Amino acid sequence: MNVGKSTSRTLRLLSKPSVRTYRSHPIRAASQCSAPGPSNPQNDRPHFPCVDAHAARESRIISSRSASSSASSSSGPEPPYARPNPTSYKVYHHTSPLPLVYADPLPSFDLAYETWGELSPQKDNVILLHTGLSASSHAASTELNPADGWWEKFIGPGRALDTNQFFIICTNVLGGCYGSTGPSSIDPSTGEPYATRFPVLSIFDMVRAQFCLLDHLGIDRLYASVGSSMGAMQSLAAGWLYPERVGKVVSISGTARSSPSAIAMRFAQRSVLMADPNWKNGFYYDGLPPHTGMKLARQIATITYRSGPEWDLRFGRKLRPLPENELPADRPRPPALCPDFLIETYLDHQGEEFCLKYDANSLIYISKAMDLFDMTAPALAELRLPLPPPRSAPPPLPPSLAARPSSPAHAQYHHLLSHSKSHPPPPNPPLHLPDLATGLRPLANTPVLILGVQSDILFPVEQQREVADALRIAGNQMVSYYELGGVWGHDTFLLDVQNVGGAIRGFLS
């Protein structure tokens, strides 16, 4: 038997067109707005506005770039992200190399920052506010930028971060795209954007860059380091790297060790983003950004930011309203494969709003830094980060007491800090808890406030309990721990001014 001839004949037979033909019949019920008119079996296919929206968005981007190409600078066209106006924030330029955990030193970098309140003559009233993944330095309105910031209701006179007492600094993190050096920045050695030639960062690198800014401003010590979400990681890292320079730590809805579930959620976001053909291995700055991947990534992220109970209360199973002329009289409402339920329209809107406001590579790099965060002793040893000794100085006094001569109120204040708000010990402590306690030993003498939210699915409340337990095992007798209820999930730190803000204000003042 001639195998070669037989195989060739088989392939020829398989390549012949089938006698049977298949037609794609219109399925109006699955379409959101099929074009009306006489039926044509060849052309009357369903129409999907949610899919067409990607092409329409791409056309808008191309038109926008064509219209602005004559105004582009020599460094190339600016990516079409809604960045804060550079005149509304300050930029610190660091000219010497910054050591990095996973890569060679970064030769130089910029750090965008904004401030609120007044710096005391002794420079002892400073709070460093750390951001979440995609936030800019604009945490609250300023004279230069009166638009509301992402923590507007928490910053100001008499608020959680009281500008009558404190001088607050917030930066756009290293790796970001709102004024700080990141993948979209120009690489001085090439004159082109770094793209994915940018080094992989760690949370520790971001914090070291912030302390370079503090050094530049002549600020030796922080009254407190405050952060939520990824900012909570930075806040813990700041107190860990610089025990003598950080007076207090506030960690809200964060963790000291990224969990597999959170890593999985962020990996899914990076996967859909990197699968966008426009991503081009990160080198998209002279063309179209991966806007479709960014939209899908944001939809995934939004699911993790809120909770099921809130979706139920807010949207239930309600459908988007339809015009009367689209509702059939003789049969049920036709379902659509495009967004139909209100929860679907909400996710679609969130993705659409975000997909051109943030740099895709920044999302990839910063979310990876979150995944890599692990403060257990073995993980820190692997990073060659030696454990600093715990803080030796007593906790700082709040400005209201520091201005007074020494009095019994000072001792009473330190006694109050030593009162630990306890919760039941874990019945089945995680295997890594002893290693985490060892890793957090540099924070043993630093007052720490930890807030968790029971409806948080991105950073489940067990992770905040774990941080509190590890700190107490490490010998810290100044741990304040609270769990908050409510249905807002991870975004509670943005919304619950009364409980989140009240706990912070009480801890700081």
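Worth knowing before you read on, the calculation uses all heavy atoms, side chains too, and leaves out hydrogens, waters and symmetry mates. Please read these numbers as outputs of a predicted model, since none were measured by experiment.
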Decide yes or no for [X] and [Y]: does some side-chain heavy atom of the first lie under 4.5 Å from some side-chain heavy atom of the second?
{"X": "Asp162", "Y": "Leu508", "result": "no"}
{"X": "Ile169", "Y": "Val126", "result": "yes"}
{"X": "Gln463", "Y": "Ser259", "result": "yes"}
{"X": "Ile127", "Y": "Gln165", "result": "no"}
{"X": "Tyr89", "Y": "His138", "result": "no"}
{"X": "Met233", "Y": "Phe204", "result": "no"}

Q | Lys NZ or Arg CZ of Lys295 over Phe354 ring: under 6.0 Å, within 45° | A |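 Negative - Lys295 is either too far from the ring of Phe354 or too far off its axis.
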
Q. Under 6.0 Å from the six-membered ring centre of Tyr346 and within 45° of its axis: does the NZ or CZ of Arg314 meet both?
A.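 Pair Arg314/Tyr346 counts as cation-pi.
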
(Q) For Phe166 and Tyr223, I'd like to know if the aromatic rings sit close, meaning centre-to-centre distance below 6.0 Å. (A) yes

Q. Going through the checks in order, is the side chain to side chain contact (heavy atoms under 4.5 Å, CB included) test met by Gln299 and Ile303?
A. CA-CA 7 Å; Gln299 289 177 352; Ile303 295 170; 5.8 Å; no

Q: Return the set of residues passing salt bridge (charged side-chain N to carboxylate O under 4.0 Å, His left out) with Asp187 (not counting sequence neighbours), or none when no residue passes.
A: none

Q) What do the steps show when you test Ser229 against Ser253 for side-chain hydrogen bond (donor to acceptor under 3.5 Å, both in side chains), and what is the final call? A) CA-CA 5 Å; Ser229 190; Ser253 295; over 6 Å; no

Q: Give a yes-or-no answer on whether the side chains of His93 and Thr95 include a donor-acceptor pair shorter than 3.5 Å.
A: no

Q. Do Gln269 and Ser367 have side-chain N/O donor and acceptor atoms under 3.5 Å apart?
A.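 There is no such pair (donor and acceptor under 3.5 Å, judged by atom type) between the side chains of Gln269 and Ser367.
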
Q: With salt bridge (Lys or Arg N to Asp or Glu O under 4.0 Å) as the test, would you mind laying out the steps for Glu192 and Arg197 before giving the verdict?
A: CA-CA 11 Å; Glu192 298 178 351; Arg197 287 186 294 250; 3.8 Å; yes

Q: May I ask you to say whether Glu483 pairs ionically with Arg465, meaning some side-chain N is under 4.0 Å from a carboxylate O?
A: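 Salt bridge: yes.
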
**Q.** Nearest-0.5 Å distance, CD of residue Glu352 to CG of residue Leu347
**A.**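 Those atoms lie 13.0 Å apart.
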
